[in-house]
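Presented below is the structure to which this report refers.
The basis for the numbers below is simple: all heavy atoms, side chains too, and nothing from hydrogens, waters or symmetry mates.
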Amino acid sequence: MRLLPGLYARWTAQQGYLFPWLPVCLGAGAGIYFALPQEPGPGTYIGLISIVVILALIASQGPELARPLFVAAMVLICGIVLAGLRAQWLAEPVLGFRYYGAVEGRVVLIDRSRSDRVRLTLDRLRLDRVAPAKTPASVRVSLSPDPEITAASVSPVPGMRVAMTAFLSPPEGPVEPGGFDFQRLAWFRGLGAVGYSRTPLLRLEPVHKGAALWIQRLRRRISLAVRAAVPGEAGGFAAAILTGDRSGISQATQEDLRRANLSHLLAISGLHLGLLTGVVFGTVRALLALVPWLALRLPLRKVAAICALLAAAFYLALSGGNVATVRAFVMVAVMLLAVLCERRAISLRAVAIAALIVILLRPEAVTGPGFQMSFAATTALVAVFSAARDWPRVRLPRFSRPVLAVVLSSLVAGLATAPVAAAHFNRIADYGLIANLLSVPLMGAVVMPAAVLAAVLAPLGLANVGLAVMEPAIRWILAVAGRVSALDGAVTQVPAPPGSVLPLLALGAVFIILVQGRLRWSGVLLIAAGFVIWSGAGRPAVLISGDGALVGVMTPQGRALSKPRGQGFVARSWLENDGDAVDQPGAALRAGLVREKGAVWFDLGGSRVVHLSGRGAVERVGTACDGAALVILAADYEGSAPCKVLARDAFRRSGALALVVEGGGLKIRSASEVAGRRLWNSPRTRFTFWPFGG
């Protein structure tokens with residue numbers, strides 16, 4: 001009987017601290033939707049909404065102590081419904097075949113691909129031989145890097161209507177079962193096809209003046225002006241932090257920043273908006289205080305807060321509004337509104353409100369690294385610095401306090417985001433704390449104030465004054481990134497975790513931060529369980545690409561690849577998910593594969609597996625089956641064979657494959673099996689009634 005009073009006391013201790021659980025439940029519901037093996041139908045949504053209504057009635061009439069549980073269940077179900085209805089709402093045609101021909105469209109966005117090519121996002125498309133009803137709403141095309149073709153091309157501007165000859169294909173599925181799903185990302189971005197062009201870019205119509213893309217054009221003009229005033233990579237860095245346009249930064253520089261854990265300085269997020277609003281707030285308040293008549297008659301803090309909020313809103317619009325920027329803006333807005341209402345500006349409640357708004361606007365964001373890292377860092381920082389108010393007071397020299405704050409914030413944010421970054425990007429920046437300590441203070445003390453100065457002086461034609469102040473600090477940051485990334489052991493590769501690991505780590509951290517009393521330390525057990533599962537997870541013995549052209553076999557030295565060139569993205573993704581730092585040519589030199597002309601074979605669990613590719617591969621199937629349990633064929637095959645044959649026509653249905661040895665035999669897992677039948681890979685699951693009908 002003593003147990004019940006103890007549980008009652010622990011439960012009542014949570015009252016008053018339950019609001020931050022709302023975004024946790026809403027986000028968990030969205031996560032459940034994305035983990036479903038099949039797209040819910042209209043009947044499922046009607047049933048879920050009915051359950052929400054029933055739970056609401058029970059919560060309103062039931063015991064007061066039980067109401068939070070019913071509300072939590074309601075919000076979780078609402079998260080499932082919200083994510084599903086948004087996926088239906090964003091439904092657009094997806095190209096169903098490989099297309100080669102003329103592509104006409106309006107330039108919406110200009111950025112740079114991972115291969116360092118200029119890349120355009122186009123809408124209002126026209127494709128030859130494709131009916132308007134089946135034409136994607138938007139596509140993404142990488143332009144040719146050939147200098148002669150570039151010289152003959154028009155310089156693209158957002159709003160310009162252009163034409164080219166391009167290769168387009170539907171967005172590809174995961175490169176391995178359970179891997180990153182680009183099809184889902186493309187669906188929520190409205191991309192119905194991706195591809196590349198090898199011809200000059202032609203202008204069909206000039207940019208039409210109007211409000212539709214004016215902010216994108218302004219963003220492009222500012223970016224080009226900054227890059228003209230500040231040459232080289234420093235100009236690209238300055239343009240990125242001012243407008244979010246990273247097209248002026250080479251992939252090599254971006255890789256250095258990632259290896260030094262400084263890539264967050266490029267993302268317009270909490271750091272940038274916090275520094276911007278802090279500079280605007282402090283400057284406006286100081287200038288008004290210099291005028292005694294205004295200082296005596298105006299609430300200076302509130303006026304400064306309004307000016308800072310307007311500056312943050314403009315910065316949000318200029319940056320393109322990615323998830324991290326939206327989260328940062330909502331946080332800043334909540335903080336400044338708290339100043340206007342004379343409430344505490346920074347609290348876990350403010351973080352919770354920001355998370356609720358972001359999830360309501362973009363429930364798909366909960367599965368992405370931007371959302372996860374952004375809120376992990378923010379929540380950890382707010383929790384630690386809130387708890388620091390109760391720590392014993394230690395008198396420190398005044399000059400050391402900012403240094404201590406930077407060190408502590410960098411350490412806390414780094415520890416909070418490290419598991420998320422490792423899970424998504426398969427790497428840990430070992431010297432990230434050092435790089436941040438050498439760079440973040442300059443970012444706050446020099447770069448962002450100079451950026452505000454440049455913006456203020458721009459109407460007078462004196463923006464170069466602010467840019468001149470920024471340039472040395474930016475070059476220092478880039479130099480730090482280059483030096484740190486070049487150090488031995490700068491990056492530790494880690495294998496991809498199973499899908500259960502990040503939810504366990506997140507739930508454990510939430511328990512530690514939100515639960516009151518000793519019960520919070522149960523979160524440590526959840527975190528430990530997550531790391532145990534991660535450390536014990538194995539990688540597939542064999543991976544086969546979605547067209548059968550590349551095979552990777554796990555050996556004692558690491559994964560050995562069937563060829564040194566081709567399928568570069570697939571090969572890089574496999575090796576990264578293995579936690580392997582070797583490149584594709586190096587992986588192709590590993591022992592474990594026996595190579596013959598047009599064939600590669602290996603033993604797996606006592607069974608021989610043969611991979612056939614190249615000219616005449618189909619004719620060699622019969623011979624390859626002698627002594628083989630399985631033949632992987634990078635071509636279509638319609639005949640019969642004395643052994644099991646996996647041919648390209650089967651890969652079109654299954655996607656990438658993984659082979660594992662289980663129960664003395666070979667078990668095959670397909671990407672389509674793991675991904676399930678979802679909107680982004682089976683668009684026919686779209687609703688056919690209002691308001692989603694099509």
Side-chain angles (χ1 to χ4, degrees), residues 114 180 233 237 249-267 269-271 324 369-370 372-374 376-381 384 403-444 474-498 501-502 505-506 508-509 527-528 530-537 539 557-559 572-583 586-587:
R114 189 165 181 174
F180 169 69
E233 297 293 304
F237 188 102
I249 307 177
S250 69
Q251 286 297 317
T253 298
Q254 293 194 49
E255 179 65 15
D256 285 346
L257 290 166
R258 283 191 287 266
R259 289 173 60 87
N261 197 27
L262 293 177
S263 57
H264 66 93
L265 298 181
L266 287 178
S269 57
L271 174 65
Q372 294 169 8
M373 294 178 69
S374 180
T378 305
T379 305
L381 287 169
V384 168
V403 176
L404 179 61
V406 170
V407 172
L408 183 60
S409 59
S410 296
L411 180 62
V412 170
L415 290 174
T417 58
V420 182
H424 285 282
F425 307 119
N426 308 111
R427 61 172 64 181
I428 297 174
D430 295 329
Y431 303 125
L433 178 60
I434 296 173
N436 276 273
L437 292 177
L438 293 173
S439 302
V440 171
L442 272 180
M443 195 74 185
I474 291 175
R475 294 197 183 279
W476 168 265
I477 293 172
L478 294 177
V480 169
R483 292 293 296 273
V484 170
S485 66
L487 294 174
D488 291 336
V491 172
T492 298
Q493 302 290 140
V494 294
V501 168
L502 276 183
L505 297 180
I527 293 175
F531 282 119
V532 168
I533 294 173
W534 193 344
S535 64
R539 293 284 296 151
Q557 294 78 35
R559 193 170 302 278
R572 183 170 58 247
S573 298
W574 288 354
L575 295 170
E576 287 178 353
N577 289 339
D578 290 338
D580 195 342
V582 74
D583 58 9

| Do the side chains of His424 and Leu502 get nearer than 4.5 Å, heavy atoms only? | yes
| With a 4.5 Å heavy-atom cut-off, do Leu265 and Leu257 have their side chains touching? | no
| task | Could you tell me whether the side chain of Leu575 reaches within less than 4.5 Å of the side chain of Arg559, counting heavy atoms only? | result | yes
| Could you give the distance from CD (Gln493) to CG (Asn577), rounded to the nearest 0.5 Å? | 10.5 Å
| message | Whether the side chain of Thr379 engages the backbone of Ala376 through a donor-acceptor N/O pair (distance < 3.5 Å, no angle test) should be reported. | response | no
| query | For Arg258 and Ala429, which heavy atoms make the closest approach, and how far apart are they? | reply | O-CB, 4.3 Å
| said: I need the Asp256 CG to Ile477 CD1 distance, nearest 0.5 Å. | reply: 14.0 Å
| From Arg475 atom CZ to Leu442 atom CG, the distance as rounded to the nearest 0.5 Å | 14.5 Å
| remark: For Pro419 and Leu505 the tightest heavy-atom approach is CB-CD1, 3.9 Å
| message | Return the CZ to CG distance between Arg572 and Asp583, rounded to the nearest 0.5 Å. | response | 11.0 Å
| note | Between Ile434 and the options Leu437, Asn436, Leu438, Asp430, the side-chain contact (heavy atoms from CB on, under 4.5 Å) test singles out Leu438
| field | Any Phe180 side-chain heavy atom under 4.5 Å of Ser573 side chain | value | no
| What are the two closest heavy atoms between Ala413 and Ala377, and how far apart are they? | CB-CB, 4.2 Å
| Taking atom CD1 of Ile474 and atom OG of Ser439, what is their separation to the nearest 0.5 Å? | 11.5 Å
| task | Report the residues that fulfil side-chain hydrogen bond (donor to acceptor under 3.5 Å, both in side chains) with Ser250, sequence neighbours left out, ordered by chain and then residue number. | result | Glu233, Thr253
| Can you name the closest pair of heavy atoms from Ala422 and Trp534 and give their distance? | CB-CH2, 3.8 Å
| Closest non-hydrogen atom pair between Arg539 and Asp578, with its separation | NE-OD1, 2.6 Å
| field | Shortest non-hydrogen separation from Val420 to Met373 and the atoms involved | value | CG1-CG, 3.4 Å
| task | With sequence neighbours excluded, give me every salt bridge (Lys or Arg N to Asp or Glu O under 4.0 Å) pair touching residues 477-493. | result | none
